[in-house]
Amino acid sequence: MLLCPCVRCSHTVEEQWIRRMSEHQSAPEQLAAGKSQARMPVLCSSCSEKRAVLKRPKTGHSLCKACFFWAFEEEVHRTIVAAKLFRPGETVGIAASGGKDSTVLAHVMKLLNERHSYGLELMLISVDEGITGYRDDSLETVKRNQQQYELPLKIVSYEELYGWTMDAIVKQVGLKNNCTFCGVFRRQALDRGAVMLKVDKICTGHNADDVAETVLMNILRGDIARLRRCTAISTASEGDGVVPRCKPLKYAYEKEIVLYAYFKKLDYFSTECIYSPNAYRGYARTFLKDLESIRPSSIMDIIHSGENLSVREGVKMPVQGTCSRCGYISSQALCKSCVLLEGLNRGLPKLGIGKHHRLHEKILSQQPLTEREKRKLKSVDF
Ligand code: SF4
Ligand code: ZN
């Protein structure tokens with residue numbers, strides 16, 4: 001849960017957004033909120049009948065609740081149709097964490113599937129990373145969502161798949177690189193859950209802010225290969241056990257997702273992970289929010305730039321193959337997940353962090369590492 005940066009109040013950042021954007025309160029609400037003189041009510045700019053209750057962060061339009069819901073939902077529908085994300089008869093797994101994005105995604109996907117007769121069979125897939133005091137609570141929200149939306153749910157856990165929980169991983173690797181382990185394991189865990197459920201596609205709750213942040217981070221890191229992929233609204237299957245993914249909320253602003261969940265009174269979990277240092281993404285997020293406050297279209301502009309960047313001929317790109325241990329896609333002899341796991345199991349947590357590709361052959365052929373190599377891979381900055 002991110003607290004308001006003003007330090008004086010104890011509101012969360014999301015509560016502040018809701019307060020700021022639901023600015024068209026009724027006269028009694030304005031007076032109750034401490035405003036000495038009530039302003040004239042603003043009419044919805046779409047229906048011109050009802051009182052506007054919010055100003056859309058994406059367009060600046062003042063809308064009533066019903067018109068906002070319709071605009072938000074139909075924009076997601078247009079995204080789905082324009083990108084041909086689904087085909088009738090497909091089984092789609094919704095990656096559900098209990099957070100606002102995936103809860104709104106599950107709600108909107110169910111609603112649009114019925115409203116526009118997509119003919120999809122929807123399911124929820126959750127990953128239990130094994131984070132006490134965070135994921136166990138958010139999974140309770142997912143279980144309630146399952147009842148509310150009447151969708152089947154599959155939970156896959158790190159402990160069951162890898163023999164490690166994030167609690168145990170953090171004990172070994174500390175709080176600096178924990179998200180590297182978690183991110184790599186989650187990607188594969190979702191695929192494993194999707195294969196178990198035999199779904200045709202996975203859809204994730206990545207929103208416009210997430211995509212813009214990732215474009216910025218990939219530019220800052222010079223990661224050309226990821227930069228090219230990160231704006232794609234859908235990915236095809238890259239091999240056995242890799243299920244195609246898509247992002248129906250790719251053009252939905254985070255602030256609008258918060259407002260939608262708030263006005264719809266959706267049941268979601270808003271506490272931040274207890275192991276979330278991820279400083280680099282945090283800086284990119286703060287930078288993006290600053291840009292958005294000056295120019296709301298910055299988010300869409302960055303996505304647009306990312307979509308239209310092209311890579312010069314002759315730039316070397318990683319060649320996708322398969323992991324010789326588990327068969328998952330990999331551009332190296334061993335996939336990242338297998339290397340991280342090997343490092344954990346050998347008590348050499350740095351093995352998967354940084355570039356130690358030349359050691360992969362040694363690991364594969366079970367050759368012993370030298371003392372110097374072991375020393376280098378053991379030390380972790382906590
Ligand atoms: Fe995993 Fe890091 Fe996200 Fe926590 S913040 S769930 S450790 S990736
Ligand atoms: Zn592997």
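Counting convention: from 1, in listed order, for ligands and their atoms alike.
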If you measure from each heavy atom of Glu272 to ligand 1, is any distance below 4.0 Å? no
Report task. Give a yes or no on this: more than 12 heavy atoms of other residues, nucleotides or ligands lie within 6.0 Å of atom CZ of Arg221. Result -> yes
Per-atom filter on ligand 1: closer than 4.0 angstrom to a heavy atom of Cys273 are 4 (Fe), 5 (S), 6 (S), 7 (S)
For Gly205 and Asp210 the tightest heavy-atom approach is O-OD2, 4.2 Å
For this session: Count the heavy atoms of every other residue, nucleotide or ligand shown that sit under 6.0 Å from NE2 of His116, and state whether that count exceeds 12.
Result: yes
Lys/Arg-Asp/Glu bridge criterion (N-O < 4.0 Å) met for Lys198, Glu121: no
In ligand 1, the atoms that come under 4.0 Å of a heavy atom of Cys182 are 1 (Fe), 6 (S), 7 (S), 8 (S)
With heavy atoms and a 4.0 Å threshold, my read on which part of Asn178 contacts ligand 1 is side chain
For Ser276, the atoms of ligand 1 under 4.0 Å from one of its heavy atoms are 5 (S)
Might you confirm whether atom CZ of Arg226 has over 12 heavy atoms from other residues, nucleotides or ligands at distances under 6.0 Å? no
Min over Arg281, Glu129, Arg186 of heavy-atom distance to atom 3 (Fe) of ligand 1 lands on Arg186
Measure from atom 2 (Fe) of ligand 1 to each N, O or S atom of Cys179 and report whether any distance is below 2.8 Å.
-> yes
Lys264 to Phe69 six-membered ring, cation-pi geometry met (6.0 Å, 45°): yes
